[in-house]
Amino acid sequence: MPTLAENYTVIAPDMRGLGDSSKPETGYDKRTVAEDIYQLINQLGFHQINLVGHDLGGMVAYAYATAHPTEVHRLVLMEFWLPGFGLEEGMDVANGGLWHFGFHMAPKIPEMLTAKREREYLTAIASPVKVTNSRIIMPCDRKLKSSGGDGECWEQYLSVL
């Protein structure tokens, strides 16, 4: 992001339920989260943007771009699946899908099994390369430090479709 910021205004908000964002009971579907981002962009005074989405943020960026196509100048989507383009197969744990989808989508199980160890768990599954640099901020770190837990992060998976 620092390199992009040399030529662009870079806005990297936490999605609903992650980091320092609000933690409402509902509204984790990607259309609602996209609307959160759209409202933020408008409040900041931007009308046409280059939009980048990665992983779950890719689903949100796609929802944003489909809801507001004339306001997205360029769209970049990285490392994510969309419903209808492979997501369903990836989520089908019984037939070779990725195990973590089933685990993360099981109500209350991930919170119970990872409580107060979220950073270690997320670091272990994020990449075969271990995070050893303490300056690298993992998703939810700020919330974890302030509250000692992070049940809301799992809501992003419960509403993945």
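Under the 4.5 Å side-chain heavy-atom criterion for grouping Ile, Leu, Val, Met, Phe, Trp and Tyr, Leu40 is connected to Leu75 within one hydrophobic cluster. Clustering ILVMFWY residues whenever any of their side-chain heavy atoms sit less than 4.5 angstrom apart, transitively, puts Leu44 in a cluster other than the one holding Val52. With hydrophobic clusters built from ILVMFWY side chains whose heavy atoms lie under 4.5 angstrom apart, Val76 does not share a cluster with Ile37. In the hydrophobic clustering of this structure, Leu98 groups with Phe80; members are Ile, Leu, Val, Met, Phe, Trp, Tyr whose side-chain heavy atoms approach within less than 4.5 Å, directly or through other members. Note on Met78 and Tyr64: separate hydrophobic clusters, where clusters join Ile, Leu, Val, Met, Phe, Trp and Tyr whose side-chain heavy atoms are under 4.5 Å apart, directly or indirectly.
Considering CD1 of Ile109 and CE of Met112, their distance stands at 4.0 Å, rounded to 0.5 Å. Here the CD-OG1 distance, from Gln48 to Thr70, works out to 7.5 Å after rounding to the nearest 0.5 Å. Rounded to the nearest 0.5 Å, atoms CD (Glu89) and CG (Asn95) are 10.0 Å apart. Atoms CD1 and CG, from Ile41 and Asp36 in turn, are 11.5 Å apart once rounded to the nearest 0.5 Å. Atom OH in Tyr62 sits 9.5 Å away from atom CZ in Arg31 (nearest 0.5 Å). The CD atom of Glu79 sits 3.5 Å away from atom NE2 of His54, with the distance rounded to the nearest 0.5 Å.
Residue Ala63 comes nearest to Thr66 through the heavy atom pair O-OG1, 3.0 Å, listed as atom of the first residue, atom of the second, then distance. Between Leu77 and Ala61, the shortest heavy-atom distance links the atoms CD2-CB, 3.8 Å. Among all heavy-atom pairs drawn from Pro69 and Ala67, the shortest one is CD-C, 3.5 Å. Considering every non-hydrogen atom in both Thr114 and Pro110, the closest pair reads OG1-O, 2.6 Å.
No side-chain heavy atom of Tyr8 sits less than 4.5 Å from a side-chain heavy atom of Met1. By the 4.5 Å heavy-atom criterion applied to side chains, Glu35 and His68 are counted as neighbours.
The ring of Tyr121 has its center closer than 6.0 angstrom to the ring center of His104.
A side-chain donor-acceptor contact under 3.5 Å links Ser21 to the backbone of Gly17. Between the side chain of Arg16 and the backbone N or O of Thr26 there is at least one donor-acceptor pair closer than 3.5 Å. Not one N or O on the side chain of Glu71 forms a donor-acceptor pair closer than 3.5 Å with the backbone of Ile49. Checked by atom type and distance alone, the side chain of Asn42 pairs as donor or acceptor with a backbone atom of Tyr38 at under 3.5 Å.
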Audit row: Lys30, Val60, side-chain contact (heavy atoms from CB on, under 4.5 Å) steps and yes/no = CA-CA 5 Å; Lys30 303 313 170 240; Val60 174; 3.7 Å; yes
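There is no side-chain donor-acceptor pair under 3.5 Å between Gln43 and Gln39.
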